[in-house]
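Any value given below was found using the heavy atoms of this structure, including those in side chains, with hydrogens, waters and symmetry copies removed. Chain naming here is simple, since letters A, B, ... match the order of the sequence lines and numbering starts at 1 in each.
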Amino acid sequence: MIRENVNPDECTFSEVLQACSDSKVAFSFRDVEQIHALIMRYGLGSKLIVSNRLIDLYSKNGFVDSSKQVFEDMVVRDSSSWVAMLSGFCKNKREEDAILLYKDMRKFGVIPTPYVFSSVISASTKIEAFNLGEQLHASIYKWGLLSNVFVSNALVTLYSRCGYLTLAEQVFAEMPQKDGVTYNSLISGLSLKGFSDKALQLFEKMQLSSLKPDCVTIASLLGACASLGALQKGRQLHSYATKAGLCSDSIIEGSLLDLYVKCSDIETAHKFFLGSQMENTVLWNVMLVGYGQMGDLNESFQIFSQMQFKGLQPNQYTYPSILRTCTSVGALYLGEQIHSQVLKNGFWKNVYVCSVLIDMYAKHEKLDAAEKIFWRLTEEDVVSWTSMIAGYAQHDFFVEGLKLFRKMQDHGIRSDNIGFASAISACAGIQALDQGQQIHAQSVVSGYSLDHSIGNALIFLYARCGRIQDAYAAFDKIDTKDIISWNGLVSGFAQSGFYEEALKVFSRLHEDGVEANMFTYGSAVSAAANTTNIKQGKQIHARIVKTGYNGETEASNVLITLYAKCGSLVDARKEFLEMQNKNDVSWNAMITGYSQHGCGSEAIQLFEEMRHLGVKPNHVTYLGVLSACSHVGLVDKGLCYFNSMNKDYGLMPKLEHYASVVDILGRAGHLQRAMKFVETMPIEPDAMVWRTLLSACIVHKNIEIGEETGHRLLELEPQDSATYVLLSNLYAVLGRWDSRNQTRLLMKDRGVKKEPGRSWIEVKNTIHAFFVGDRLHPLANGIYDFVEELNKRVVMIGYVQDNNSLWNDLELGQKDPIAYIHSEKLAIAFGLLSLPEMIPIRVMKNLRICNDCHNWIKCVSKVADRAIVVRDAYRFHHFADGECSCNDFW
DNA sequence: CTAGGGTTAG
């Protein structure tokens, strides 16, 4: 036409531009620009219809800034111009610009049309500007446009995306006319927000209105089936889609594959995947999820490599899926490699990718790495914050976790259920009952009163804080109790010292037919270990074997601890030697076990073997080794190990390690050195460190250092009864009775009460408990008589009663001395009376054993020819043939 | 010139 010199007019260009817009061919910027130039050459640039269509063509091909230029150059605009520009912004993900344009438009007094409202509502929905959406709803009402199908459809989507499903349903119900999109909008909304049943029901209604489902309907319904695990229904939809010829749609393909994966039908999924064109990245991503949920990292990695081999780029869906699998199977090395690829491909500020990376590093105890990723993120996102918070809590940095939780809220990020649950668990970790309850209240206000994760966290909070009744109440409130709910009780009680309660719950769980997992066993075994209830421990062991957990490293680890704590090193060693895959925890458990039993050289030998095999020791390992050195009296070696912590392994010694060194020096009598060591510590010494020094001073009868240490301790912890007891013992061993009595009076003045001594022994399935001078036992008379008899027999082999440790000797003269017989003597006497001859006497005591009892038991072990094992608050004492494994230092 | 669909993280 142009070659023939026929002048095109505005109608010509309008039709040409329309044809270009309708065409499925993509136009390059040059193409559109040339048409634009032609329009200008013919002087038609000011024509409304031409400009409007030009705006549209530019933005349809992705050149929205040129559209904007055209729009801004227009002298006169009509309603279509505004709409073209609005939808141009929407098509190019420029929702904010669209909203600003709408506001400009209203300022100019342009009357909004249904076209305008449907576009701008859709824009608000996409950027989750729900408040704006509600305002728009009001305007629509005012302009009487609610009856417009497009507008109301957009409103249905708006309300379902912001979670106001009731409002969405209301708009839906009030619509005079509904089309397929109306149904699709609500179906997809219901399905996305977890109301999958309702979505499927609505589909029935849709069919009754004789509306045919299209690709969108089917895709939404498949999503609903996937989250319900409704494989049958999904298959029906699949065959419908095939018959209706919808299966070539790439989104339907994705939904179908997702259905099979989510329903764990990996075989069908794999077949379907192979039958597809495989040019669709989504399909690869879904396969990654499938293999990930089976824990198959090999296949996952195959998929991950092959997709790249075929030229498909991993995207923000790909990385989280494969990284999550790396995390769950513990493949940190591969995870780190993928991390570097993530950085290279520019995903370093993507919240999805980074949240998994944070989780991965946090779970592998690399909090530094996790923090680095976290603080680089700029998007305000709950999940990345929660990952970091949970990361802190997992490694006992509860305070840091709670600080971050507070900070998150200060940033204006609203916590969700998992955030609240993590914060409550962190409170449980530091037994911050009040704070935990406050956060719980907050979660209720936020509408999470029925949330399962929060309910479980609450159980653990109460159990961990020793609130037995509240814990059970929280437990009963949960209608679908899972293993995590049960574990909350078992581990919470075990960790707060209510071992019997924990074991009770463990038995009940078994009776209820609930399947225990590794966490359950871990907590139950540690409860049994702490009650030295070897019998129940062995029963739990049997159940671990029966449920097939005995191959697990963690199972063997807790069993080693169990047997060691119950005093049976033979069983502990057996478990250690027989286990297949030892990790650092296994070595630590065995080393600590040896050490607690006074087998110092065995502990040290094992430590050397561990290092030789290249297993990296950690803080716990060193605690065991240092205390072993102390038991054997290896001063130089102990100090050498202490220095190697930092030098060889970069471990910063903690207060417990300093206390161990003080113990090593103190036991060997190097009290000056010990004092100097404490005074030059790079961190502030705590009561434990000073108490260790004071105990050594008592043994070595050093009044100067002992007195100073005691006074520092009294300043540090004036309410701790142990200090008063130790200090008065120091005076007693030196015969300084005045000072001793003063100390006692000071304690009385300050209202400090000594924890009453208690001992336990198990005889015939029953735990028998004894207090000092306790006469409550049914066999009390027999027991006291037998103690008397034992006293006579031990005197024959040289036992001399040592009253230094007896607390209240002023009263001693006034009352029956029998009233001061310590609980361990009673328990041992009872054990000797009741247990068969060959069985060793196992007693446990809540406080440290006193000097007199220690001597007495040594002698009793000889005269009664019996092995006696006493576990006191500090360690194990194995008495046999007049000797104790602690070599009289504890 | 307007509305609706699939895959990811704690």
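Ion pair A:Lys68/A:Asp73 not flagged as a salt bridge, since none of the NZ, NE, NH1 or NH2 atoms sits closer than 4.0 Å to an Asp/Glu carboxylate oxygen. With salt bridges taken as basic N to acidic carboxylate O contacts below 4.0 Å, none links A:Lys372 and A:Asp368.
Of the candidates B:dG5, B:dT8, B:dT2, the closest approach to any side-chain atom of A:Lys91 belongs to B:dT2. Listed nucleotides: B:dT2, B:dT7, B:dA9. Nearest to the side chain of A:Tyr352: B:dA9. The side chain of A:Gln316 has B:dT8 as its nearest neighbour among B:dT2, B:dT8, B:dA9. Residue A:Tyr317 places its side chain closer to B:dT7 than to any other of B:dT7, B:dA3, B:dG5. With B:dG5, B:dA3, B:dG10 as the candidates, the nucleotide lying closest to the side chain of A:Arg324 is B:dG10. Listed nucleotides B:dA3, B:dG6, B:dG5 differ in distance to A:Asp179; the shortest reach to its side chain belongs to B:dA3.
At least one donor-acceptor pair under 3.5 Å links the side chain of A:Ser160 to the backbone N or O of A:Val156.
Looking at heavy-atom distances under 4.0 Å, A:Asn280 makes contact with a base. Heavy atoms of A:Asp381 sit under 4.0 angstrom from at least one base atom. Counting any heavy atom pair closer than 4.0 Å across all strands shown, A:Asp416 reaches a base atom.
Between A:Phe150 and B:dT2, a base-stacking contact is recorded: ring centres under 5.5 Å apart, planes less than 30° from parallel.
For B:dA9, neither phosphate oxygen OP1 nor OP2 lies less than 4.0 angstrom from any side-chain nitrogen or oxygen of A:Ser387.
Exactly one of A:Phe117, A:Phe71, A:Tyr102 qualifies for a ring pair (Phe, Tyr, Trp, His ring centres under 6.0 Å) with A:Trp82. That residue is A:Phe71.
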